[in-house]
Structures are given as structure tokens and as C-alpha cells.
Amino acid sequence: MRRLLLIVMLLASLPGCNGMFFFPYRDQMLSPEQLGLKYEDAYLPAKDGTRLHAWFLPASGKALGTILFLHGNAENISTHIMSVRWLPAQGFNVFLLDYRGYGASEGEPSVAGVQEDVDAAMRTLLSRADVDRDRIVVFGQSLGGAIAIYNVAHSPYRQHIRALVVESTFASYREIAREKLAAFWLTWPLQYPLSWTVSDAYSPADAVAGVSPIPLLIIHGDQDPIVPVDHGKRLFELAREPKHLWVIPGGGHIQAFARQSYRDRFVGYLTEVLSKSPPFHK
């Protein structure tokens, strides 16, 4: 109840309602070293000068590709690393970015600011000698997926992105705000007036068609209690080919890769995508 009341106050008071979508945490909970992973601390400047922090996890053996990982709205990469810790052993570099205001990254988060952060991450990857510039996959979970859809659709580095994968992602900032307000009796009467204070300038639903011709994979649990599966289905309907939708039976929020079968399927998908000609190949 306290959190819902906080959301109401944020919606009513914050320009663009950025605060509703970001719950950053500064402290480090886990390190790659604790998980037995090799890693490198990376510090990179966003275009506006904000100093960002990331971890680069090198692939075991020759890298099949590099995954830019964009996490959800709470905590930081030191907890979200659990979603991707298994990928280096499968032959993929993983670059985990903390948005501004999260972990060791400077600044305060905003919907507009995190777009600059993703661009900074792409510039960093493209400058690395150990990264194949034409074998980069963007993978976003929850809010990270919403950020990724808009970014990939508008990125000046689109020609280097071989696929976009999003999991448990909402279709609209305004729509998910209204749903959360409608779910509680105290805020139910305010769902429409308050949700209209939420900007949809970076709406995934409006941007998703622009991802094409980059392959898009949407993953969503059919029992997701945070972002209902209808959001994933709507994004799939609005997207253009090439696109795939995996609805996870009994799946919750960002829980697909808790199952080995979906880890294996994901590696198979990435291998297939990376075996084809780049979408912007001439």
C-alpha cells in the first residue's frame, strides 16, 4: 500500500512521470567474480557527460556474438546479472549497462536520459577490438525491453544490430500506469486522470514497427503478474517481419530463462539469427 501511495504522489508531481518507472539501487549485491565469471569494469560517458558504469563479461572461447543487456526498473546490474550469467559459457560476450542513477552510474534516471545511455553503450561496444561490430544483439527485460524497442527503432547504430530480444515488456508507459492504478481500490478512480500525466513519447507500441528489418523476438510469460501477456501480444501484432513470439506457459515476470529448455532454445535462436546475412547487408 505504501508503494502504491508513493506511485500516486509521483504521478501527480513529476514532469513526464519519470519517477514512476525507475527504482534505482546503488549498492552492489553480487559481483561476476562471486559467480565465477571473468569480467571487466567499464566506465563510459553519455553524450551529456554523465559517467556510466557497465560490466563486460567475455565469452568462453571464441565469441559467437555480443549481447547488450538492458535490465528492468529496479535494483541494478549486480542483481540482474542472474538473468544472463549463463550466456558467456554459451559463447556470448555480455555487456551489462547500469542506466544513469543505478549502481555506480552517475546522474538521475529519466526516460529520455536512458536513451542516451544505450547509445553510449553501443558506441563503447563498437570501439572494442574484442567485439565483432556486426554481431551485436540487444536484449532488454521489462522496462529494459521498452527502452530497447524505442532505441533500436531510432538508433544511429542500427546497421550493427543483428537482433532485438525483449522479455516481459509493456506496450505503453501510459497504459501500464493506468493498469497499475486500476488494480488498487484507492487509486482506481484516478486511473485515467493520473495516467494521462504519463508521457508516451517513447512508447514501445509506437516504435516497434520501426525495428524491422532487424529480427525481433518477444518473450512473455502467460502468468506474468507485473506486465500481462496481452502487452507482449500487442507488440507482436504491431511489429513487422521478421518477428517471433514465445508465450511461456505458466511463466511469470522475466522468468523464461529459469528453465533450461528456454535457455537452449534461446541459444538456438541466436545461433540461427547470427548465421544469416545482416539485415542491412548490401
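Below, each value reflects all heavy atoms present in this structure, side chains not excepted, and no hydrogens, waters or symmetry copies. Counting begins at 1 with the first residue of the sequence.
- Residue Pro24 comes nearest to Pro109 through the heavy atom pair CG-CG, 4.2 Å, listed as atom of the first residue, atom of the second, then distance.
- Taking the centre of each ring, Phe266 and Phe139 come in below the 6.0 Å mark.
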Before you tell me yes or no, could you show the steps for Asn73 and Phe22 under side chain to side chain contact (heavy atoms under 4.5 Å, CB included), namely the whole-Å CA-CA distance, both residues' side-chain angles and the distance that decides it to 0.1 Å?
CA-CA 5 Å; Asn73 72 335; Phe22 299 99; 5.5 Å; no

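- At a threshold of 4.5 Å between non-hydrogen side-chain atoms, the residues Asp222 and Ile248 do not count as touching.
- When all heavy atoms of Ala148 and Leu164 are compared, the pair lying nearest together is CB-CD1, 3.7 Å.
- Taking the six-membered ring for Trp, Tyr262 and Phe257 have ring centres at least 6.0 Å apart.
- When only modelled atom types and interatomic distance are considered, Gln141 and Ser168 share no side-chain donor-acceptor pair under 3.5 Å.
- When all heavy atoms are compared, the tightest approach of Asp200 to Ser172 is OD2-OG, 2.6 Å.
- Ring pair Phe21/Tyr173 is perpendicular by interplanar angle, where above 60° counts as perpendicular and below 30° as parallel.
- Contact record, Tyr269 with Ala163: OH-CB, 4.4 Å, taken as the closest heavy-atom pair.
- Enclosure of atom CD in Glu33 is not indicated, since only 12 or fewer non-hydrogen atoms of other residues, nucleotides or ligands lie within 6.0 angstrom.
- Side-chain atoms of Gln28 never come within 3.5 Å of backbone atoms of Ile77 as a donor-acceptor pair (strictly under, hydrogens ignored).
- For the pair Leu216/Val152, no side-chain contact is recorded, criterion being any heavy-atom separation below 4.5 Å from C-beta on.
- Distance CH2/Trp55 to CG/Leu96: 7.5 Å, rounded to 0.5 Å.
- Between Asp98 and His53, the side chains place no donor N or O within less than 3.5 Å of an acceptor N or O (distance only, hydrogens not considered).
- Within a 6.0 Å sphere centred on CZ of Arg259, heavy atoms belonging to other residues, nucleotides or ligands number more than 12.
- Side-chain atoms of Asn76 and His71 form no donor-acceptor pair, as typed in the model, at a separation below 3.5 Å.
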One pair to check against salt bridge (charged side-chain N to carboxylate O under 4.0 Å, His left out): Glu40 and Arg128. What are the steps and the verdict?
CA-CA 12 Å; Glu40 173 189 330; Arg128 293 184 64 107; 2.9 Å; yes

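- Ile67 places a side-chain heavy atom less than 4.5 Å from the side chain of Phe92.
- Under the 3.5 Å distance criterion, the side-chain polar atoms of Thr271 are matched with a main-chain donor or acceptor of Val267.
- Counting only heavy atoms from C-beta outward, the side chains of Val138 and Val165 never approach each other to under 4.5 Å.
- Side chains of Ser142 and His253: a donor-acceptor N/O pair is present below 3.5 angstrom, by distance only.
- Arg162 places no side-chain N or O within 3.5 Å of a backbone atom of Gly65 that could act as its donor or acceptor partner.
- Two residues are said to be in side-chain contact when any heavy atoms from C-beta on lie closer than 4.5 Å; Phe69 and Ser83 meet this criterion.
- By the 4.5 Å heavy-atom criterion applied to side chains, Phe170 and Leu235 are not counted as neighbours.
- Checking Asp119 against Asn151 by side-chain atom types alone, a donor-acceptor pair falls below 3.5 Å.
- To the nearest 0.5 Å, atom OG of residue Ser203 and atom CZ of residue Arg174 are 9.0 Å apart.
- Ile161 is connected to Tyr202 through a chain of hydrophobic side-chain contacts under 4.5 Å among Ile, Leu, Val, Met, Phe, Trp and Tyr, so both are in one cluster.
- Salt bridge status for Arg26 with Glu75: absent, with no side-chain N to carboxylate O gap under 4.0 Å.
- His220 contributes a side-chain N or O that, together with a main-chain N or O of Val227, makes up a donor-acceptor pair within less than 3.5 Å.
- Remark: Asp117 CG to Met122 CE distance equals 14.0 Å, nearest 0.5 Å.
- Arg100 and Asp48 are joined by a salt bridge, as a carboxylate oxygen and a charged side-chain nitrogen come within less than 4.0 angstrom of each other.
- Remark: the backbone N or O of Tyr43 is not paired with any side-chain donor or acceptor of Arg51 at under 3.5 angstrom.
- No donor-acceptor pair closer than 3.5 Å links the side chain of Ser212 to the backbone N or O of Ala209.
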Apply side chain to side chain contact (heavy atoms under 4.5 Å, CB included) to Gln90 and Leu270, showing your working.
CA-CA 11 Å; Gln90 299 297 319; Leu270 294 176; over 6 Å; no

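- Looking at Gln34, its side chain does come within 3.5 Å of a backbone N or O of Ser31 through a donor-acceptor pair.
- Judged by a 6.0 Å distance limit and a 45° cone about the ring axis, Arg158 is not positioned over the six-membered ring of Phe280.
- Between the side chain of Asn93 and the main chain of Ala59, a donor-acceptor pair closer than 3.5 Å is present.
- Within the 4.5 Å cutoff, the side chain of Leu70 has heavy atoms near those of the Val118 side chain.
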Checking Glu175 against His231 for the side chain to side chain contact (heavy atoms under 4.5 Å, CB included) test, could you report, in this order, the C-alpha distance in whole Å, the side-chain angles of both residues, the deciding distance, and whether it holds?
CA-CA 9 Å; Glu175 182 179 339; His231 283 264; 3.6 Å; yes

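- Side-chain atoms of Arg133 do not come within 3.5 Å of backbone N or O of His160 as any donor-acceptor pair.
- By the 4.5 Å heavy-atom criterion applied to side chains, Val131 and Leu126 are not counted as neighbours.
- The neighbour count for Glu108 CD, taken as heavy atoms of other residues, nucleotides or ligands under 6.0 Å away, does not exceed 12.
- Residues Ile149 and Val229 are members of one and the same hydrophobic cluster, defined by side-chain heavy-atom contacts under 4.5 angstrom among Ile, Leu, Val, Met, Phe, Trp and Tyr.
- A salt bridge is absent between Glu237 and Lys243; no separation between the charged side-chain nitrogens and carboxylate oxygens falls under 4.0 Å.
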Does Asp130 form a side chain to side chain contact (heavy atoms under 4.5 Å, CB included) with Phe56? I'd like the steps, not just the answer.
CA-CA 11 Å; Asp130 53 358; Phe56 183 85; 3.6 Å; yes

